[in-house]
Number of protein chains: 2
Amino acid sequence: MKRLLERIDREILAAGGKRSRSRAVVIEGFFRARDHVTIEELTRSVRESAPGIGAVTVYRTLKLLERLGYAKELDFGEGARRYESNLSPHHDHLVCRQCGTVIEFKDRGIENLQDLVTRRHGFHPTAHRLEIYGFCRKCAPGNSPERFG
Amino acid sequence: MKRLLERIDREILAAGGKRSRSRAVVIEGFFRARDHVTIEELTRSVRESAPGIGAVTVYRTLKLLERLGYAKELDFGEGARRYESNLSPHHDHLVCRQCGTVIEFKDRGIENLQDLVTRRHGFHPTAHRLEIYGFCRKCAPGNSPERFG
DNA sequence: GATATGATGAAAATGAATTTCATCATCAGA
DNA sequence: TCTGATGATGAAATTCATTTTCATCATATC
Ligand SMILES: [Zn+2]
Ligand SMILES: [Zn+2]
Ligand SMILES: [Zn+2]
Ligand SMILES: [Zn+2]
């Protein structure tokens, strides 16, 4: 973690930026937070240790991390975007509409078929998003997680 | 087309709604429009024949069509949502980031693998979205579509 | 330390989507 | 056909996430 933060620091400096306490707190908070956080969630958690930090700085810092390749913007259609660290390799998501649980999965077969599809259409893919919405095991029809959870 | 509009009309009546000229124009305009339209595009096109129609009515009418199962809401991350008619069977999308072209595709193999993935996680899928972003044949790196278009 | 410039946070602006509300239109019943 | 109840409309107001603005502060460099 320390290594990572130092490395990002160096990249910011190299790009003509300056260090800042607020930003350092946000960055560390982001990598410590559970993945798929909203700006609002992250702001709240970061303010526990540094109450003065404005939500705008969190917005700006996540955009910066995205530009540097350390964060990935997600949109599960909830109104607010979510962010996850981009350190782990690519994956897609199962999103529970009941409890909000997000399950990550990776499927080489699906990715290969996607390549075939794009090739068939002479399309040059640069990114994709695959999200499957529904109900997780706990929330599946028949279970009553809210009651027993 | 006439059949379809009458059928929707009947469903609205059956659900306790009333007929309205504005809404009829929007609905017909929607099914005549090219697919994947934004509210703004549809409003503009609909106003050519019925200038008085407010954008709010277009919003409301598309929500209604979605509720009735005739329209599908899409989000290609452009800020504004897009809508397509839900009459044709399910498909996914290739979206060109240069010219905005949307190519529809259907891949049974991908859908089957998605089923396997969800089953493996005890997840009950109700919907999914798969979009592949990149450059279409015309806009592919090396081509200069804007110049030769 | 002085200076230039990046970073900050509050407030304002933006922009899509939704809600409110007074008015209009449509349907059902008399 | 008239009439009352209620759905639909459009303009304006509202909401809400995100972005921009701007005066001020902090950091790097000389
Ligand atoms: Zn769940
Ligand atoms: Zn993830
Ligand atoms: Zn293109
Ligand atoms: Zn489509």
Side-chain angles (χ1 to χ4, degrees), chain A residues 5-6 8-30 36-44 46-68 71-83, chain B residues 5-6 8-30 36-44 46-68 71-83:
Chain A
L5 300 181
E6 286 170 358
I8 295 176
D9 233 45
R10 278 197 303 278
E11 286 187 30
I12 291 174
L13 284 206
K18 290 175 181 172
R19 262 182 281 263
S20 107
R21 179 71 195 135
S22 295
R23 190 163 55 194
V25 171
V26 175
I27 294 179
E28 176 158 3
F30 173 64
H36 319 121
V37 288
T38 61
I39 295 285
E40 197 267 332
E41 288 167 354
L42 183 54
T43 301
R44 197 144 22 85
V46 139
R47 275 181 171 160
E48 284 173 17
S49 50
I53 292 185
V56 190
T57 295
V58 183
Y59 273 102
R60 282 193 279 233
T61 301
L62 285 187
K63 285 290 181 202
L64 172 63
L65 287 179
E66 199 194 12
R67 250 178 287 130
L68 295 178
K72 219 160 165 339
E73 203 175 79
L74 305 171
D75 179 0
F76 296 156
E78 305 162 294
R81 298 169 192 159
R82 291 183 177 272
Y83 292 85
Chain B
L5 300 182
E6 286 170 357
I8 294 176
D9 232 44
R10 277 198 304 277
E11 287 188 28
I12 291 175
L13 283 208
K18 291 176 183 174
R19 261 182 281 263
S20 108
R21 179 71 195 134
S22 295
R23 189 163 55 193
V25 171
V26 174
I27 294 179
E28 176 158 5
F30 172 64
H36 319 119
V37 287
T38 61
I39 296 285
E40 195 268 335
E41 288 168 354
L42 183 55
T43 303
R44 197 144 23 85
V46 138
R47 275 181 173 161
E48 286 174 15
S49 49
I53 292 185
V56 190
T57 296
V58 182
Y59 274 101
R60 281 192 278 233
T61 302
L62 286 186
K63 285 290 180 202
L64 173 63
L65 287 179
E66 199 193 14
R67 249 179 288 131
L68 295 178
K72 218 163 165 336
E73 203 176 77
L74 305 172
D75 179 359
F76 295 156
E78 306 162 296
R81 297 169 193 159
R82 290 182 178 275
Y83 291 84

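Naming convention: chains lettered A, B, ... in sequence-line order (proteins, then strands); numbering from 1 in each chain. All values below were derived from every heavy atom in this structure, side-chain atoms included, with hydrogens, water molecules and symmetry-related copies excluded.
- Here Ser20(A) does not reach the OP1 or OP2 of dA26(D): none of its side-chain N or O atoms lies under 4.0 Å away.
- Taking atom CD on Glu66(B) and atom P on dA17(C), their separation rounds to 12 Å, with Å as the unit.
- Between Thr57(A) and Ser22(A), the shortest heavy-atom contact is CG2-CB, 4.3 Å.
- To the nearest angstrom, P of dT9(D) lies 12 Å from NZ of Lys18(B).
- Side-chain nitrogen and oxygen atoms of Arg19(A) include none within less than 4.0 Å of the OP1 or OP2 phosphate oxygen of dA26(D).
- In this structure, the CD atom of Glu41(A) is 12 Å from the P atom of dA17(D), given to the nearest Å.
- Smallest separation of non-hydrogen atoms from Ile12(B) and Lys18(B): CG2-O, 4.0 Å.
- At the phosphate of dT19(D), OP1 or OP2 sits under 4.0 Å from a side-chain N or O atom of Lys63(A).
- If you measure from atom OH of Tyr59(A) to atom P of dA13(C), you get 18 Å, rounded to the nearest angstrom.
- Tested against Val25(B), the residues Val46(B), Thr61(B), Val58(B) include a single side chain to side chain contact (heavy atoms under 4.5 Å, CB included) partner, Val46(B).
- Rounded to a whole Å, the CG atom of Asp75(A) is 13 Å from the C1' atom of dA16(C).
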task: Would you sort out whether Arg44(A) and Glu48(A) count as a salt bridge (Lys or Arg N to Asp or Glu O under 4.0 Å), showing the intermediate values?
output: CA-CA 7 Å; Arg44(A) 197 144 22 85; Glu48(A) 284 173 17; over 6 Å; no

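- In this structure, His36(B) and Glu41(B) approach most closely via the heavy-atom pair O-OE1, 4.1 Å.
- Between the CD atom of Glu78(A) and the P atom of dA17(D) there is a distance of 11 Å, rounded to whole Å.
- Nearest heavy-atom pair across Arg47(B) and Ile53(B) is NE-O, 2.7 Å.
- Distance Ile12(A) CD1 to dT27(D) P: 14 Å, rounded to the nearest Å.
- Looking at Arg19(A), its side chain never comes within 3.5 Å of a backbone N or O of Leu13(A) through a donor-acceptor pair.
- In this entry the distance linking CZ of Arg21(B) with P of dC24(C) reads 20 Å, nearest Å.
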Sort me out a list of protein N/O and nucleotides 10-13 of chain D N/O pairs below 3.5 Å, or just none if empty.
from, atom 1, to, atom 2, distance (Å)
dG10(D), OP1, Ser22(B), OG, 3.4
dG10(D), OP1, Gly52(B), O, 3.4
dG10(D), OP2, Gly54(B), N, 3.4
dG10(D), OP2, Thr57(B), OG1, 2.0
dG10(D), N7, Arg60(B), NH2, 2.4
dG10(D), O6, Arg60(B), NH1, 3.4
dG10(D), O6, Arg60(B), NH2, 3.3

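- At dT18(D), one or more side-chain N or O atoms of Arg81(A) fall inside 4.0 Å of OP1 or OP2 (strictly under the cut-off).
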